[in-house]
Amino acid sequence: MVGKKLKIGWFSFTCSEDSTMVFIELMNEHLDEWRRLIEFRHARVLKKDNHLNDIDVAFVEGAITNEKDADMLRQIRQNSRKLIAIGSCAVSGMPAAQRNSFDPEMNGEIQFLIKRFKQSDKVRAIKEVVKVDGDVPGCPMEEAVFLSTLHDCMKEFGVVDA
Ligand code: SF4
């Protein structure tokens with residue numbers, strides 16, 4: 001087990017990216033440990049050189065608002081052994097999906113933006129597009145649940161002792 005690392009990806013779709021900020025803040029306390037135990041395969045918030053393949057766990061934040069992002073999410077799923085939805089927007093779609101409940105008049109008023117930015121009719125949670133293996137709820141994500149989920153993944157993939 002010595003030297004084995006958990007290969008992770010961190011991805012953000014439409015949202016305020018506050019769970020990403022929580023993730024970065026957690027590095028104040030966990031960076032040394034994570035350097036030993038984690039290989040960041042894909043994390044655009046941390047580095048430019050990213051690889052969308054051979055990922056043990058993909059952590060996915062945000063909601064899906066257009067087909068291009070839906071296709072990207074499907075690619076992430078295909079290249080990841082496990083996928084965890086991060087934060088309320090990814091888990092349930094809300095609050096990023098507020099426009100789904102607009103009344104017909106308000107919906108009509110935003111149609112020019114939907115067309116201009118090639119948006120889908122409805123905003124979708126991650127699980128409406130791909131299979132999800134776990135959730136970290138909260139807005140932004142609950143730190144303790146994330147840390148325990150990460151630890152469980154390390155155990156599952158043989159990075160730390162069970
Ligand atoms: S769940 Fe909350 S904090 Fe996270 S992206 Fe959505 S609105 Fe922002």
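All ligand and atom numbering here is 1-based and tracks the order in the structure. Values below: all heavy atoms of this structure, side chains included; hydrogens, waters and symmetry mates excluded.
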Are the charged groups of Asp71 and Arg74 less than 4.0 angstrom apart, N to O?
yes

Closest non-hydrogen protein atom to atom 6 (Fe) of ligand 1, residue and atom name please, with distance?
Cys89 SG, 2.2 Å

For Ser88, atoms of ligand 1 separated by under 4.0 Å from a heavy atom
1 (S)

Please report which non-hydrogen protein atom sits nearest to atom 4 (Fe) of ligand 1, along with the residue it belongs to and the distance in Å to one decimal place.
Ser19 OG, 3.9 Å

Establish, yes or no, whether a centroid distance under 6.0 Å links the rings of Phe23 and Phe59.
no

Candidate pair Asn79 and His42, rule side chain to side chain contact (heavy atoms under 4.5 Å, CB included), full reasoning:
CA-CA 11 Å; Asn79 289 285; His42 198 295; over 6 Å; no

Using a distance threshold of 2.8 Å, state whether an N, O or S atom of Cys15 lies below it from atom 6 (Fe) of ligand 1.
no

Assess whether side chain to side chain contact (heavy atoms under 4.5 Å, CB included) is satisfied between Leu83 and Ile126, documenting all intermediate values.
CA-CA 10 Å; Leu83 189 148; Ile126 299 300; 3.9 Å; yes

Phe102 vs Glu109, test: side chain to side chain contact (heavy atoms under 4.5 Å, CB included). Steps then yes/no.
CA-CA 10 Å; Phe102 281 5; Glu109 286 174 10; over 6 Å; no

Numbering as shown, the atoms of ligand 1 that approach Pro140 to under 4.0 Å (heavy-atom distance):
3 (S)

Got the closest protein heavy atom to atom 2 (Fe) of ligand 1, with its distance?
Cys139 SG, 2.2 Å

Suppose we only count N/O/S atoms under 2.8 Å; would Ser16 qualify as near atom 8 (Fe) of ligand 1?
yes

The single option from Lys122, Lys118, Arg124 that satisfies salt bridge (Lys or Arg N to Asp or Glu O under 4.0 Å) with Glu67 is Arg124

Side chain, backbone, both or neither: which part of Pro95 has a heavy atom under 4.0 Å from ligand 1?
side chain

